[in-house]
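Note: hydrogens, waters and symmetry copies are ignored here, and every other heavy atom, side chains too, is used.
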Amino acid sequence: MSVADFCSRIGVSDKTLAKLERGDGGVRLETFAMALLALGMLDRLAGIADPASDATGIGLDREKLPERIRRRGQKDKKTVPVNQSDASQGPTVLDDDEGTAF
């Protein structure tokens, strides 16, 4: 298929097609979808738009998390004596089941 034929199928100029090929962020998503449709690859759009498959975005989101957030499954256990007479028996372990002790 020629460049002119492809441009007419997706409804853009050759300059817009060049921007699309370069990955220019100014190209509309509709243009990208039409190009995938013309190439018979429209099903790939779902994979591209899936946030779970965006490793870069996931990494950037993790960097924004505060360091105090623990990995899933780890519980913070706090030890405090219940009163002074119990202090000789050792500290009592209190689990924070809700994860809301601040």
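- Here the CD1-CZ distance, from I48 to F32, works out to 3.5 Å after rounding to the nearest 0.5 Å.
- When hydrophobic clusters are built by joining Ile, Leu, Val, Met, Phe, Trp and Tyr residues whose side-chain heavy atoms come closer than 4.5 Å, directly or via intermediates, M41 is grouped together with V3.
- Applying the side-chain hydrogen bond (donor to acceptor under 3.5 Å, both in side chains) rule to pairs touching residues 42-60 yields nothing, sequence neighbours excluded.
- What you find for C7 and L17 is that their closest heavy atoms are SG-CD2, 3.6 Å.
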Worksheet entry | Test side chain to side chain contact (heavy atoms under 4.5 Å, CB included) applied to M34 and R9, step by step | CA-CA 8 Å; M34 288 299 294; R9 282 186 179 200; over 6 Å; no

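- Listed here is the closest heavy atom pair of L42 and A33: CD1-O, 3.7 Å.
- Here CD1 of I10 is found 10.5 Å from CG of L37. Values are rounded to the nearest 0.5 Å.
- Two different hydrophobic clusters hold L65 and I58 under the rule that ILVMFWY side chains link at heavy-atom gaps under 4.5 Å.
- Residue pairs meeting the side-chain hydrogen bond (donor to acceptor under 3.5 Å, both in side chains) criterion with at least one partner in residues 15-38, sequence neighbours excluded, are S13-T16, R28-E30.
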